[in-house]
Amino acid sequence: DTGSAAAIPINEVDIAYVTPVTIGTPPQTLMLDLDTGSSDLWVFSSLTPSNQVRGQEIYSPTKSSTSKLLSGHTWSIRYGDGSGSRGTVYTDNFTIGGLEVKSQAVQAALEVSSSFTQEQSLDGLVGLGFSALNTVRPSSQLTFFDNARPNLDEEVFTADLKYHATGSYDFGFIDSKKYAGNITYTTVQQSPGYWTHSLSGYSVGSGAFQASQISGISDTGTTLLYLPTAIVTAYYRQVQGAQNSQYYGGYVFPCSSTLPTFTFGIEGARFTIPASYINYTRISPTSTTCYGGLQSSSGLGINIFGDVALKAAFVVFSGTNPPRIGFAIK
Ligand SMILES: O=C(NC1CCCCC1)N[C@H]1[C@H](O)[C@@H](N2CCCCC2)[C@@H]2OC[C@H]1O2
């Protein structure tokens, strides 16, 4: 089996990407954020208090003839940005891009935090991390990818996220039309459950490449790129008027500044993030101060290769044993 679906930016600065999925019988279509940084599949639902729902589509298990309550099971998740949700669990038929999993655990939200309520075009998440991170108790549940794997033509899914444009997620096959040259793979450490791997180094603009093993997670659910402070300060040293603002919680700079590109290594391959991706957003609609797409990871305890980096490549998440991650230019 295979599947292929769109990855649609939910706003004009690509804060997140959503993908249409169907749940139940007859199919209910929701727009979910496919997140390789977590492993819960949860949705706004008919059980979510109405004062926490602001325009989202909801899953109504009672309207699906194939839904089953997973009785006695609950879940509760907290994300790195402080957002979170909790609820109860059903199983139901679930498809992404024509790929169906029967009896997928669908976690129905009984409560969501305010940042989810405020994102009206995001109806929930599909966790594509390793199932060890799943928060359902007393028995944890498998991700959509883990459930689909036995039926996939190839044990992979790919992410082709785009800057200010719609990209795609493919399951079960690698579309050679979506990238150029070769795919460079590197090993993944799957414990504790993230797609954890290393970069082989970096360079700023036309500067020399600094070989250095930088461990982190490839996380489609994180908007920005978070790297060690030494790398980030070296980058913004090249930006006129840049400063690390306590007030804005990160590096800001005059929107008119010229930014250098940022290149990261995967083994022997090199991937260059255009300056435009790092000129992330104005701090407010009328401001001439801009917030950077590259920020420091100090305080996070982990480096995060989020969408700002991933959208510069075609990325293969390979569920082989051992798992691997592959990058190609596009
Ligand atoms: O918390 C993180 N990442 C952290 C960012 C700060 C540094 C540590 C990692 N990712 C979340 C993201 O923010 C959420 N958000 C929802 C609203 C639209 C924007 C996305 C979405 O829900 C879970 C996941 O994706």
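Atoms within each ligand, like the ligands themselves, are counted from 1 in listed order.
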Take the angle between the ring planes of His197 and Phe305 and call it parallel below 30°, perpendicular above 60°, tilted in between. tilted
Can you classify the ring geometry of Phe145 versus Trp195 as parallel (below 30°), tilted (30 to 60°) or perpendicular (above 60°)? tilted
So which of Asp123, Asp92, Thr48, Thr29 actually passes side chain to side chain donor-acceptor pair (under 3.5 Å) with Tyr59? Asp92
When you check the gap from the basic side-chain N to the acidic O, do Asp14 and Lys311 get nearer than 4.0 Å? yes
Could you pull out every protein residue that has a heavy atom closer than 4.0 Å to ligand 1, ordered by chain and then number? Ile15, Ala16, Asp33, Asp35, Tyr79, Gly80, Asp81, Phe116, Glu119, Leu125, Gly221, Thr222, Tyr226, Leu300, Ile304
Within 45° of the ring axis of Phe264 and under 6.0 Å from its six-membered ring centre, is that where the NZ or CZ of Arg270 lies? no
Those residues that, when tested against Ser83, pass side chain to side chain donor-acceptor pair (under 3.5 Å) (two or more places apart): Asp81
